[in-house]
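Some notes on the structure that comes next.
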Amino acid sequence: MISVAEELIDRITAAIHYLRVGKPVGPIDMPADLPDNEIRQLITYVNRFLVEFNAVSKALGQMAVGELNIPRVASRMEVVQSLKTLQSNLTHLTWKTQQVAAGDLEQKVDFMGDFSIAFNSMTQQLKDSREQLLRLNEQLEARNRFIRETFGRYTSDDIVEVLLDMPEGLRLGGEKREVTILMSDLRGFTSMVERLEPTTVVALLNHYLSAMIEVIQHNGGTIDEIIGDAILVLFGAPVQMPDAALRAIRAALQMQQAMQQVNAHNARQGWPEISMGIALHTGEVVVGNLGSTKRTKYGVVGRTVNLTGRIESYTLGGQVLVSPSLMQAAGPGLILGEEVKVSAKGMPEPLLCRELLGHEAYPELSLAVPESQLMMLPIPVPCSMIKLTGKQLDNQEHPATLRGVAPGQAVLATACPLEQYSNIIVRLEGGTGQDAPELYAKVIRFFEEPEGCCVLHFTSVSPAMQVQLDRLMGKSE
Amino acid sequence: MFKEEREQGLFTWSMLGDIEAGRPNLGPLMHLSVYRLMQFTLRDILIRDFGVETADRIFYEAGKKAGEEFCQNLLAEEKDLNSFLAAIQHHLKELKIGIFRVESANFEEGSFVITVAEDLDCSGLPVCDEEICIYDEGFIAGLLQSYTGQDFEVKEVDCWGSGDRICRFTAKPKK
């Protein structure tokens, strides 16, 4: 029998108890004189176990707080092997996750049970999401490219940016929308083209259009169409604008004001003076992409567009005409002039438009009211008059006389019945073709006395006619 | 072909033969114990006749040649290192060589810590306090050299044979 000191048994018991209750336990002190027997061997083994257990415990504690780069635990205990496998797996997973974080979504984890399934599912979903994101990005880029190509030339950069920022706001498939339409056209430009060199026509037109486009874009308008000298502008499409009518008004006034600089430039270049009429109208239109698969453009269609064109045909050079619906949309502050009745097909009653002279909010943009001082001629000048229906001549010359002249205006007397705002050609005798002294004009009002006399507003004057008019005005002075 | 004298290695991938044609009924797989039977009897005789060091060198160089051939024939299309490592993982799993995992990879320095679990050579062996996956060391060195063009020093630091559950290898370029 081996005799064992009770104290040694107590120390072993205490060590095991402390292990069980989670208290730190160091190696058991072994008396130096303890004989080399089974008890010594037992305490030696227990101490080895305690050393390895403490090492494992410390390593587990470090791993629990995420420290994976821990010193190697020298032990063959199964728990240590499991610990090392766990450490290896966690280190591997850390590396895998780093690769995923760096963008490699092809990473897979094998043979780690539920974790493998979860990890592989995560990377697959990330991959799917990235691919979807790339697809969406491509679609977005295509959409942005489309918007830039479609609108970039015709609207200002800030409007394009607004379009790009609108995920759903731009429905190009077509929609009904209330917009304000601005339509401008040069008066008498068609006849002017016939008298000018083609290069001059293009240079003059480009200079004029550049000036107008700058004003339009500055006010947020989208140029829908430029046909020769005519410009069709939208306010309120493609980007909706609560102040579309006011923007259009400001643009129209600024465009007329800009014509002074345009004509100053024309004079410097030796080009003829030009004048522009503008119509503003608010109404519902259909907006969207129009055209074929080969050529598509954003545009508008509807009665509102046609009616704006009709109003524009009543305008005189330097004039802005506004429709009743525009006046309503713009609210108070409009400075209005003469009423102009616009008739159109399908309208039982004429549209009561008004000349726009300015807006209280923009006093600097007030259009100067022409105060032509008609100088009556002491001797009427015989001439002939041809009525224009649309752009067609009626080919019938009617005798007439010029009774008075003023810059841009004249008084005509004729027995031929004329309608207000109808267009006519007046010819003086002498010269043919380009040298013919003729002018295009619009009948703007009639005199009660003498009967048959009306005031003409010139839309185009040939050089030969201008010489004659200057002479007449010089005589009248 | 197989038995001629040689100064340089003459191994080619075609020496593996047409296994499908050759084993229409038994197929390409065999029990792992047969592989180990060949490896450890071979190691036994090599050690007996040439000593441990020479036997280890032979196993390392054979493994390295195998790694190079493996890379050139099965991993040649992998462009970047991550894809290369993923392809090793895939092939080693598919061919049931082992579960290849990367614990760390310093791409700039070219140093790696790699583990192979359920290793073909050692998993389940009796614990003997020896790292015995010398062929694997050479195999990994051959893979890395073939891919990077750089000679690697691969060392097994944990092995089933030495009491661990996985084989852990460190790999770094030879200076």
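Computation of the quantities below employed the complete heavy-atom set of this structure, encompassing side-chain atoms and omitting hydrogens, waters and symmetry-equivalent molecules. Within every chain, numbering begins at 1; the chains are lettered A, B, ... in the order of the sequence lines, protein sequences first and strands thereafter.
Residue Leu85(B) touches chain A through its side chain alone, counting heavy-atom pairs closer than 4.5 Å. With a 4.5 Å cut-off on non-hydrogen atoms, Ala117(B) does not touch chain A at all. With a 4.5 Å cut-off on non-hydrogen atoms, Gln98(A) does not touch chain B at all. When heavy atoms are compared at a cutoff of 4.5 Å, Thr94(A) does not approach chain B at all.
Within 6.0 Å of the OH atom in Tyr45(A), the count of heavy atoms belonging to other residues, nucleotides or ligands does not exceed 12. Other residues, nucleotides and ligands contribute at most 12 non-hydrogen atoms within 6.0 Å of the NZ atom of Lys96(B). More than 12 heavy atoms of other residues, nucleotides or ligands lie within 6.0 Å of CD in Gln81(A), so this atom counts as buried by the packing criterion. Within 6.0 Å of atom CZ in Phe11(B), more than 12 heavy atoms from other residues, nucleotides or ligands are found, so the atom counts as buried in its surroundings. Counting heavy atoms of neighbouring residues, nucleotides and ligands inside a 6.0 Å radius, atom NZ of Lys65(B) exceeds 12 of them. Few gaps surround CD on Glu94(B); more than 12 heavy atoms of other groups in view lie less than 6.0 Å from it. Within a 6.0 Å sphere centred on CD of Glu4(B), other residues, nucleotides and ligands contribute more than 12 heavy atoms.
Listed by chain and number, the residues in a side chain to side chain contact (heavy atoms under 4.5 Å, CB included) with Val127(B) are Arg76(A) (sequence neighbours excluded).
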_Run the side chain to side chain donor-acceptor pair (under 3.5 Å) test on Asp110(A) and Gln89(B) for me, step by step, so that the C-alpha distance in whole Å, both residues' side-chain angles and the decisive distance to 0.1 Å come before the verdict._
CA-CA 9 Å; Asp110(A) 295 324; Gln89(B) 178 188 339; 3.1 Å; yes
*For side-chain contact (heavy atoms from CB on, under 4.5 Å), just list the numbers for Asp158(B) and Lys84(A), CA-CA rounded to whole Å, side-chain angles, deciding distance to a tenth of an Å, and then say yes or no.*
CA-CA 10 Å; Asp158(B) 285 324; Lys84(A) 290 173 81 173; 3.6 Å; yes
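No donor-acceptor pair closer than 3.5 Å links the side chain of His92(A) to the backbone N or O of Glu103(B).
One distance of note links CG of Asn82(B) with CG of Asp104(A); it measures 4.5 Å at 0.5 Å rounding. Separating the CG atom in Asn69(A) from the OG atom in Ser104(B) is a distance of 8.5 Å, to the nearest 0.5 Å. Atom OG of residue Ser82(A) and atom CZ of residue Arg165(B) lie 5.0 Å apart, to the nearest 0.5 angstrom.
When side chains are defined from C-beta on, Met112(A) counts as touching Arg101(B), because their heavy atoms get closer than 4.5 Å.
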